[in-house]
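Reading through the structure tokens given below for one structure.
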Protein chains: 2
Amino acid sequence: MFSKACEYGIRAVIYIWSQSKEGNKLGVKDICKEIDAPEYFTAKILQALARQNIVSSTKGPNGGFYIDKEQENIHLMDLVVAIDGDKLFNGCGLGLKQCSATNPCPIHHEYKEIREGLARLLKTKTLRELAEEVSSGKATLHSVI
Amino acid sequence: MFSKACEYGIRAVIYIWSQSKEGNKLGVKDICKEIDAPEYFTAKILQALARQNIVSSTKGPNGGFYIDKEQENIHLMDLVVAIDGDKLFNGCGLGLKQCSATNPCPIHHEYKEIREGLARLLKTKTLRELAEEVSSGKATLHSVI
DNA sequence: AAAATAAAATACATTTTTATCTTTTATTAG
DNA sequence: CTAATAAAAGATAAAAATGTATTTTATTTT
Ligand code: FES
Ligand code: FES
């Protein structure tokens with residue numbers, strides 16, 4: 001469904017959110033240890049997200065990634081689109097060049113429902129809510145194998 | 001969502017179904033022209049599907065791909081799993097090593113619904129139904145750009 | 001039996017995704 | 001100001017997905 005980059009990105013950002021209290025910043029190493037993701041690869045993803053203003057970062061001692069006031073109303077959808085683009089939400093399930101109701105593929109109507117259900121989920125959930133689930137212990141960002 | 005291989009495979013098999021009347025067989029070239037898919041790549045996919053008994057084939061003159069009596073009750077789900085596996089239907093949306101209700105990721109409950117909705121769709125639809133949509137002109141297997 | 005046909009198998013090539021390592025730049029602490 | 005720190009940027013590499021071409025095998029027609 002989502003790319004690996006997107007999975008790591010979501011987990012990383014939720015973790016940053018869950019730890020982002022008054023100016024507290026997190027280093028890539030810490031993040032990746034917590035969410036069980038490859039360090040250099042995840043760093044690239046976070047850098048791209050910082051460029052797109054989904055998260056904030058500063059260099060130097062006590063530097064790291066954090067959440068800014070302006071980023072407080074970001075939805076999961078924004079994050080996913082920033083990494084994977086919007087093909088998943090517009091594209092045809094069977095790969096036709098364009099999804100269209102007037103020229104539909106055989107699963108268009110049903111697939112559209114699924115696709116829109118997913119979009120609704122991602123648009124509804126804020127990163128704040130998801131982070132809260134983790135902070136409260138109701139959800140986790142790494143398997144406990 | 002689905003891999004390219006799976007998209008081509010679904011389109012190809014639906015087309016074979018839509019044309020499979022009394023012993024009529026279809027060559028890869030014809031199939032790919034109709035569904036606008038890369039020929040050699042699609043051939044591989046169809047060969048794999050033939051090995052897994054999702055479609056039938058014979059070599060030689062008048063040979064090609066066709067649907068056998070034994071393949072008449074195949075659902076779209078069988079086809080998708082034969083090509084892409086079942087990770088999409090079991091795996092965690094955020095890439096945790098295992099999806100589990102007792103150790104859920106922050107989107108587990110909602111994602112599970114989406115995932116199961118998709119599975120329901122694929123399990124409900126038979127290839128016969130989908131082919132009928134195409135035969136009757138209600139749906140198409142290639143964009144009309 | 002020979003020629004023609006079309007899938008099957010094999011080999012190869014390209015592109016995209018995922019992952020790692022090194023160098024540079026910005027920031028802060030001392 | 002200097003040294004230490006951590007992200008940013010750039011270079012490489014490995015793996016997987018996608019795509020193409022060639023050879024082999026089975027089948028049928030003549
Ligand atoms: S045309 Fe295929 S999903 Fe809309
Ligand atoms: S644990 Fe993530 S979807 Fe179930």
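Since the structure is predicted, the reported quantities are computational estimates derived from the model, not experimental observations. Quick note on labels: first sequence line is chain A, next is B, and so on, each numbered from 1.
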Just the rounded figure in Å: distance from [atom2] of [N] to [atom1] of [X].
X       : N      : atom1 : atom2 : answer
B:Lys44 : C:dA8  : NZ    : P     : 12 Å
B:Lys33 : C:dA6  : NZ    : C1'   : 15 Å
A:Lys87 : C:dT17 : NZ    : P     : 10 Å
A:Lys25 : C:dA26 : NZ    : P     : 17 Å
A:Glu39 : C:dT22 : CD    : C1'   : 14 Å
A:Gln47 : C:dT24 : CD    : C1'   : 12 Å
A:Arg51 : D:dA8  : CZ    : C1'   : 8 Å

Selection from [options] that lies nearest to any side-chain heavy atom of [X]:
X       : options               : result
A:Pro38 : C:dT20, D:dT20, C:dA7 : C:dT20
A:Ser57 : D:dA8, C:dA9, D:dT20  : D:dA8
B:Ala50 : C:dT20, D:dA8, C:dA8  : C:dA8

Table of protein N/O atoms under 3.5 Å from nucleotides 13-17 of chain D N/O atoms:
none

Exercise for the section: At under 4.0 Å between heavy atoms, which parts of nucleotides 22-30 of chain D does protein reach? Answer with one letter per nucleotide, 5' to 3': B base, S sugar-phosphate only, - none. Expected result: B--BBBBS-
Exercise for the section: Under the salt bridge (Lys or Arg N to Asp or Glu O under 4.0 Å) rule, collect the residues that match up with B:Lys4, sequence neighbours excluded. Expected result: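 With sequence neighbours excluded, B:Lys4 shows a salt bridge (Lys or Arg N to Asp or Glu O under 4.0 Å) to B:Glu7, given in chain and number order.
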Any sub-3.5 Å donor-acceptor pair from [X]'s side-chain atoms to [Y]'s backbone N or O?
X        : Y        : value
B:Arg11  : A:Leu94  : yes
B:Glu129 : B:Thr126 : yes
A:Glu110 : B:Leu121 : no
A:Ser18  : A:Ala131 : no
B:Asp84  : B:Ser3   : yes

Handout entry: Reported CD-to-CG distance for the pair B:Gln19 and B:Asn24, which is rounded to 0.5 angstrom
Key =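 The distance works out to 7.0 Å.
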Practice task
Mind checking the OG1-CD1 spacing from A:Thr42 to A:Ile45? Nearest 0.5 Å is all I need.
Solution key: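 One finds 5.0 Å between OG1 of A:Thr42 and CD1 of A:Ile45.
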Handout entry: Test item: A:Ile10 and A:Leu79 side chains (from C-beta on) under 4.5 Å apart, heavy atoms
Key =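 Yes; the side chains approach each other to less than 4.5 Å.
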Which part of the nucleic acid, if any, lies within reach of [X] when heavy atoms closer than 4.0 Å are counted: base, sugar-phosphate only, or nothing?
X       : answer
A:Tyr8  : sugar-phosphate
B:Lys29 : nothing
A:Ile45 : nothing

